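A quick write-up on the structure given underneath.
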Amino acid sequence: MPDMAVSKLLARAAREIEEGTLPSCQVALARDGELIAFEAFGDATTDTRYSVFSATKAIVAGAAWLLIGEGLLDVENRVAEYVPEFATNGKGVVTVEQLMLHTGGFPHAAMLPPEWWTREGRLRMFAEWKLSFEPGTVFEYHPTSAHWVLAEIIERLGGMDFRDFVQQRITDPVGLSRRVLGLREDDQDGIAPVEMRGDVASGDELEAALGVRELEVGEVTNDALLAFNLPEVRSLGLPGAGGVMRAADLALFYQALLHNPKGIWDDDVLRDATGNVRNLLPDKLFKLPANRTLGLTQAGDDGFAFLRGFGSNVSGRAFGHGGAGGQIAWADPESGLSFSYVTNGIDANVIRQAKRGIELSTLAGAC
């Protein structure tokens, strides 16, 4: 049965490649700290790396957990206690916890070139940002803004560039073979280029599936996603979206969250970060509890795990964080499985993309 279940998962991953809907993908499944399956389909090999977009957030959150465990960071403290430049325009009340729960109140704050290239430029933007709502009262996904601030906190408390901190304190100890955040321009071989594919879902499709005739796009536009093909953007390493890695790397990172090899994290902090839901405020689209832990999403046992980036058969304790374009990454403490799916094809039909993710995660859960 396990071999058959894995075969069904791999066959489902290959479908869009065979049909020409997507250019390539990788799928990885792991348990007990080891890969069970790792395959590439389309114009890719198992050495190909992918832009994983917001799946990056889990790794950067992991850097913050290290600082918490070392007593350097208290998430109940205000951000301004660590980054005084952030305290302008009423933002002095925002806590670190709110940054990590997407309740900080500045989801649309922009960080763009040329400011994002330098620390001085980023700090100037922090000072200009304004609140959209009272912090802690609303859950609204912060695509990149909150993690820029979190990265600055990591740098100040960790004593080094946040990208180096991630490599030295997380990805190297986990055993990942290559740097995943802030790649040198001479270390960008074998990265699958982001491509736009397909036509957008019609208003009728959206209304039937989601009850709306159009979706808010926000900052995650096609142009923004295509910018991750630029060597300089890959070198920048956006802390909320700039990770470059293989599906196997993501699956093994999540195995590390299950087993904490070499005691990378404080056990109590890791248990809290992966299992303690701190944000039950409703999301804007589905009006369901966000089920946010300190940097991740928990599947929950309310029957709506499939709407939070998981399959329909994972346990309520499963946790993870996906990314734009249908990137999937999660682990389930009850089965011991971790699963990752990455693709360089951005499917314009978000309904088809969402259904694909649910089917893949459900098939992975069956393994």
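Treat the numbers as computed from the prediction; the structure is a model and nothing was measured.
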> Are any of the side-chain heavy atoms of T88 and F126 separated by less than 4.5 Å?
Replying inline: no
> Is there a side-chain contact (heavy atoms from CB on, under 4.5 Å) between F41 and T343 once you walk through the steps?
Replying inline: CA-CA 10 Å; F41 300 97; T343 179; over 6 Å; no
> Going from CH2 on W148 to CD1 on I153, what distance comes out if it is rounded to the nearest 0.5 angstrom?
Replying inline: 14.0 Å
> N313 and T362: side-chain donor and acceptor closer than 3.5 Å?
Replying inline: no
>> Once you measure the plane-to-plane angle for H147 and H102, does it fall in the parallel (<30°), tilted (30-60°) or perpendicular (>60°) bin?
In response: tilted
> Just wondering, more than 12 heavy atoms not from N260 lying within 6.0 Å of its CG?
Replying inline: yes
> Other than F133, which residues form its hydrophobic cluster under the rule that side-chain heavy atoms must be closer than 4.5 Å?
Replying inline: V138
> In Å, rounded to the nearest 0.5 Å, how long is the span from CD of E195 to CG of L225?
Replying inline: 13.0 Å
> Are D189 and R178 within salt-bridge range, i.e. N to O under 4.0 Å?
Replying inline: yes
>> Applying side-chain contact (heavy atoms from CB on, under 4.5 Å) to L66 and F165, what does each step give before you reach the verdict?
In response: CA-CA 10 Å; L66 285 170; F165 190 93; 3.9 Å; yes
> Q168 versus M160: any side-chain heavy-atom pair under 4.5 Å?
Replying inline: yes
> Is the side chain of Q26 donor-acceptor paired with the backbone N or O of T48 at a distance under 3.5 Å, no angle test?
Replying inline: yes
> Charged N to carboxylate O below 4.0 Å: is that the case for R278 and D272?
Replying inline: yes
>> Return the CG to OH distance between D332 and Y254, rounded to the nearest 0.5 Å.
In response: 13.0 Å
> Do the non-hydrogen side-chain atoms of F306 and S361 ever get within less than 4.5 Å of each other?
Replying inline: no
> If every non-hydrogen atom of I17 is compared with every non-hydrogen atom of G42, which pair is closest and at what distance?
Replying inline: CG2-CA, 3.3 Å
> Is a side-chain donor-acceptor pair under 3.5 Å present for S338 with Q255?
Replying inline: yes
>> In the structure I gave you, are the side-chain heavy atoms of L9 and F339 within less than 4.5 Å of one another anywhere?
In response: yes
>> Tell me whether D347 is salt-bridged to K355, with the criterion being a basic N under 4.0 Å from an acidic carboxylate O.
In response: no
>> Would S24 and D43 count as a side chain to side chain donor-acceptor pair (under 3.5 Å) here? Give the steps.
In response: CA-CA 5 Å; S24 77; D43 188 16; over 6 Å; no
>> Taking L10 as the starting point, is it possible to reach L22 by hopping between hydrophobic residues whose side chains are less than 4.5 Å apart?
In response: yes
> For Y50, does its backbone N or O pair with a side-chain atom of R246 as donor and acceptor, under 3.5 Å?
Replying inline: no
> Is any NZ, NE, NH1 or NH2 atom of the basic residue among E85 and R156 found under 4.0 Å from an Asp or Glu carboxylate oxygen of the other?
Replying inline: yes
> Where do Y341 and G326 come nearest, in terms of heavy atoms and distance?
Replying inline: CD2-O, 3.5 Å
>> Applying salt bridge (charged side-chain N to carboxylate O under 4.0 Å, His left out) to R292 and D283, what does each step give before you reach the verdict?
In response: CA-CA 11 Å; R292 285 273 172 172; D283 69 79; over 6 Å; no
>> Test of understanding: with side chain to side chain contact (heavy atoms under 4.5 Å, CB included), list the residues that count as partners of D32, not counting sequence neighbours.
In response: none
>> I want to check something: taking the side chain as every heavy atom from C-beta on, are V94 and L131 in contact at a cut-off of under 4.5 Å?
In response: yes
>> I need the minimum non-hydrogen distance between P333 and F319, along with the two atoms involved.
In response: CG-CE2, 3.8 Å
> Checking side-chain contact (heavy atoms from CB on, under 4.5 Å) for the pair T293/T274: CA distance, chi angles, key distance, verdict?
Replying inline: CA-CA 6 Å; T293 71; T274 59; 5.9 Å; no
>> Would you compute the distance between atom CG of L35 and atom CG of L252 and round it to the nearest 0.5 angstrom?
In response: 4.5 Å
> side-chain contact (heavy atoms from CB on, under 4.5 Å) between L181 and V60: does it pass, once the steps are laid out?
Replying inline: CA-CA 9 Å; L181 195 61; V60 174; 4.0 Å; yes
>> Taking D266 first and then R271, would you say they form a salt bridge - that is, a charged N and a carboxylate O separated by under 4.0 Å?
In response: no
>> I need the minimum non-hydrogen distance between P107 and S145, along with the two atoms involved.
In response: O-OG, 4.0 Å
>> Within the supplied structure, the quantity of interest is the number of heavy atoms (other residues, nucleotides, ligands) at a distance under 6.0 Å from D199 CG; does it exceed 12?
In response: no
>> Using a 6.0 Å cut-off, check whether atom CG of D74 has over 12 heavy atoms from anything other than its own residue.
In response: yes
>> If we ignore hydrogens and angles and just use 3.5 Å, is the side chain of T46 paired with the main-chain N or O of E39 as donor and acceptor?
In response: no
>> Treating H142 as the side-chain partner and E140 as the backbone partner, does any N or O pair qualify as donor plus acceptor under 3.5 Å?
In response: yes
>> Is there a continuous path of hydrophobic side-chain contacts, each under 4.5 Å between heavy atoms, that joins I346 to V233?
In response: yes
> So, for G136 and L281, which heavy atoms are closest and what is the spacing to 0.1 Å?
Replying inline: O-CD1, 3.9 Å
> What side-chain hydrogen bond (donor to acceptor under 3.5 Å, both in side chains) pairs are there with at least one residue in residues 115-137, not counting sequence neighbours?
Replying inline: R119-E152
> Under a 4.5 Å cut-off applied to non-hydrogen side-chain atoms, are V75 and I68 in contact?
Replying inline: yes
> Relative to the ring of H321, is the ring of Y141 parallel (under 30°), tilted (30 to 60°) or perpendicular (over 60°)?
Replying inline: tilted
> Rounded to the nearest 0.5 Å, what separation is found between the CG atom of D268 and the CG atom of N276?
Replying inline: 12.0 Å
> Same cluster or not: are V342 and L183 linked, directly or through other Ile, Leu, Val, Met, Phe, Trp or Tyr residues, by side-chain heavy atoms under 4.5 angstrom apart?
Replying inline: no
> Does R31 use its side chain to pair, donor to acceptor, with the backbone of S335 at less than 3.5 Å?
Replying inline: yes
> Are more than 12 heavy atoms from other residues, nucleotides or ligands located less than 6.0 Å from atom CD of E76?
Replying inline: no
>> In this structure, would I328 and I36 fall into the same cluster of hydrophobic residues linked by side-chain contacts under 4.5 Å?
In response: yes
>> Treating E334 as the side-chain partner and S315 as the backbone partner, does any N or O pair qualify as donor plus acceptor under 3.5 Å?
In response: no
> Is a side-chain N or O of R308 found less than 3.5 angstrom from the main chain of P289, in a donor-acceptor match?
Replying inline: yes
> Should we say atom CD of E19 is surrounded by more than 12 heavy atoms from elsewhere, each under 6.0 Å from it?
Replying inline: yes
>> Taking A192's backbone N and O only, do any of them form a donor-acceptor pair with N344's side chain (distance below 3.5 Å, no angle check)?
In response: no
> Within the side chain of W265, is there an N or O that forms a donor-acceptor pair under 3.5 Å with the backbone of G62?
Replying inline: yes
>> How long is the straight-line distance from CG of L150 back to CE of M100, given to the nearest 0.5 Å?
In response: 5.5 Å
> Got F53 and V220 here, is their nearest side-chain heavy-atom distance under 4.5 Å?
Replying inline: no
>> How close do A63 and V166 get, counting heavy atoms only, and between which atoms?
In response: CB-CG2, 4.3 Å
> If we only count heavy atoms from C-beta on, is the R163 to R179 side-chain gap below 4.5 Å?
Replying inline: yes
> Is I264 linked to L73 within one hydrophobic cluster, defined over Ile, Leu, Val, Met, Phe, Trp and Tyr using a side-chain heavy-atom separation of less than 4.5 Å?
Replying inline: yes
> Counting only N and O atoms by type, is there a donor-acceptor contact under 3.5 Å from the side chain of Q327 to the main-chain atoms of A324?
Replying inline: yes
